[in-house]
Chemist: 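Structure in structure tokens, see below.
Values below: all heavy atoms of this structure, side chains included; hydrogens, waters and symmetry mates excluded.
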Amino acid sequence: MSPEALFSTEVALGIDLGGTHVRAALVDARGAIVSCAKKRVEDRAPAAVVEVIGAAASEAQQGAAQAKVVACGVGAAGQLRGDTGVVAVAPNLGWRDVPLGSMLAKALGRPVRVVNDLSAAAWGEKCVGAARGERDVYTVFVGSGVGSAVIANGQLVLGASGVAGELGHTKWVPDGRLCGCGERGCLEAYAGGHNLIAQMREAIAAGESPKLSALGGGDLSRLTAQVLEEAAVTGDPGARRIYEQAVSLLCLAIANQVTVLNPARLILGGGVLRHSPKTFDRLVEGIGRFASATSRQGLKISPAALGDDSGLIGAALLARGGLLGSG
Ligand SMILES: [Zn+2]
């Protein structure tokens with residue numbers, strides 16, 4: 001983009017707040033990223049994280065100094081209290097009831113809209129990604145956790161208290177594995193990336209998984225969802241049990257949501273699926289089998305198109321458009 005074009009460009013500041021990194025971007029009205037910055041979260045205390053967000057925002061603004069920021073939105077990994085800007089629970093950050101919106105408004109000197117990271121990502125995909133032009137969209141991301149977001153009749157569905165779409169915390173095993181949310185038996189406790197790795201470590205410790213022990217080579221940091229998939233394919237008993245359970249639960253959970261919501265398009269994204277094409281194909285096959293026949297007629301299933309940028313773009317566009325609607 002030429003300096004002349006930037007001079008007249010009105011942009012929104014989009015921020016993606018994860019458990020380990022903060023990204024900030026200036027996003028123009030068409031959803032294009034004009035400038036971007038990334039910072040590592042070393043200290044997860046709210047005040048320290050707000051400082052890191054401020055530093056990332058400044059760096060992004062320096063990258064396009066002549067662009068005029070007209071709005072600011074944050075996509076935060078956690079459960080929010082409606083549209084109040086309060087993060088009720090963020091397991092990755094160890095947060096409970098943090099007034100992120102008001103803290104950031106003070107730090108950045110402008111109103112800040114806080115949305116769930118999956119809602120932001122889904123909105124980004126709807127505006128400029130794989131669900132462009134669709135009005136009924138269901139988005140599922142399988143990364144370190146499992147999240148989903150619902151867009152119905154062109155609007156994000158937030159729910160009465162703002163936590164609609166928490167697919168990762170639907171229960172599948174009564175009194176089952178402990179989840180990061182503090183409850184037991186959640187889908188995320190079996191199929192989220194962090195918990196896949198935890199289960200792999202347990203299988204190695206129990207002597208159930210010779211292949212994983214060998215692949216890890218004594219260095220447990222080498223265990224990833226991709227390693228799990230590879231070991232499962234070779235027939236390693238521990239890897240196979242963990243992988244098959246995760247895939248089965250994801251297929252059932254997503255297929256049931258398709259049956260309930262009847263989306264025109266289902267978007268599947270997140271780090272685990274991006275690095276495991278076989279898992280993506282298994283989910284498509286399972287959803288085709290388990291969703292009700294009528295709900296899957298005409299259903300389009302796509303991989304997320306914007307990669308890690310969907311949340312940044314969506315947070316910026318949501319802030320700019322004021323499209324949440326719940327006030
Ligand atoms: Zn949970």
Side-chain angles (χ1 to χ4, degrees), residues 12-25 38-57 71-124 139 141 143-150 156-170 179-183 186 188-189 192 194 270 308 310-312 314-319 322-327:
L13 175 62
I15 293 159
D16 183 22
L17 172 59
T20 56
H21 289 88
V22 167
R23 295 176 72 218
K38 184 176 180 180
K39 299 269 179 207
R40 192 170 170 77
V41 173
E42 306 282 358
D43 179 351
R44 303 187 307 171
V49 171
V50 165
E51 210 169 294
V52 173
I53 292 173
C72 178
V74 182
Q79 298 183 33
L80 308 180
R81 294 210 185 282
D83 206 10
T84 62
V86 174
V87 178
V89 187
N92 289 343
L93 290 164
W95 287 7
R96 297 254 164 195
D97 285 315
V98 172
L100 180 65
S102 57
M103 290 172 79
L104 272 178
K106 212 168 170 187
L108 300 176
R110 66 172 65 253
V112 176
R113 174 156 259 169
V114 184
V115 297
N116 171 268
D117 60 340
L118 253 293
S119 296
W123 196 253
T139 305
F141 274 48
S144 54
V146 178
S148 79
V150 181
L156 263 176
V157 175
L158 298 182
S161 57
V163 294
E166 290 285 351
L167 184 69
H169 304 293
T170 55
C179 180
C181 72
E183 297 172 13
C186 298
E188 184 168 302
H194 281 323
D308 290 338
S310 57
L312 279 174
L317 293 179
L318 275 169
L323 293 166
L324 281 178
S326 63

Chemist: Kindly give the heavy-atom pair with the smallest separation between Gly159 and Ala164, and that separation in Å.
Modeler: N-CB, 3.7 Å

Chemist: Mind checking what makes side-chain contact (heavy atoms from CB on, under 4.5 Å) contact with Val22, not counting sequence neighbours?
Modeler: Ile15, Leu17, Val41, Val52, Ile53, Ala56

Chemist: Taking only residues at least two apart or on different chains, which pairs with a member in residues 158-169 satisfy side-chain hydrogen bond (donor to acceptor under 3.5 Å, both in side chains)?
Modeler: none

Chemist: Taking NZ, NE, NH1 and NH2 as the nitrogens, is one of them in Arg81 or Asp97 under 4.0 Å from a carboxylate oxygen of the other?
Modeler: yes

Chemist: Donor-acceptor pair, distance only, cut-off 3.5 Å: does the side chain of Arg96 make one with the backbone of Ala90?
Modeler: no

Chemist: What's the spacing between Trp123 CH2 and Ser310 OG if we round to 0.5 Å?
Modeler: 14.0 Å

Chemist: Side chain of Glu188, backbone of Val146: donor and acceptor closer than 3.5 Å?
Modeler: yes

Chemist: Would you say the side-chain atoms of Asn116 pair up with the backbone N or O of Val163, donor to acceptor, closer than 3.5 Å?
Modeler: no

Chemist: Which atoms form the tightest heavy-atom contact between Leu318 and Ser119, and what is the distance?
Modeler: CD1-O, 4.4 Å

Chemist: Testing the basics here: between Ala76 and Leu100, what is the closest heavy-atom pair and its distance to 0.1 Å?
Modeler: CB-CD2, 4.3 Å

Chemist: Apply the test side-chain contact (heavy atoms from CB on, under 4.5 Å) to residues Val74 and Val115: give CA-CA distance (whole Å), side-chain angles for both, the deciding distance (0.1 Å), then the verdict.
Modeler: CA-CA 6 Å; Val74 182; Val115 297; over 6 Å; no

Chemist: Closest approach of Gly19 and Asn92, non-hydrogen atoms and distance?
Modeler: CA-CB, 3.8 Å

Chemist: Would you name the heavy atoms of Leu108 and Val112 that are closest together and state the gap between them?
Modeler: CD1-CG2, 4.1 Å

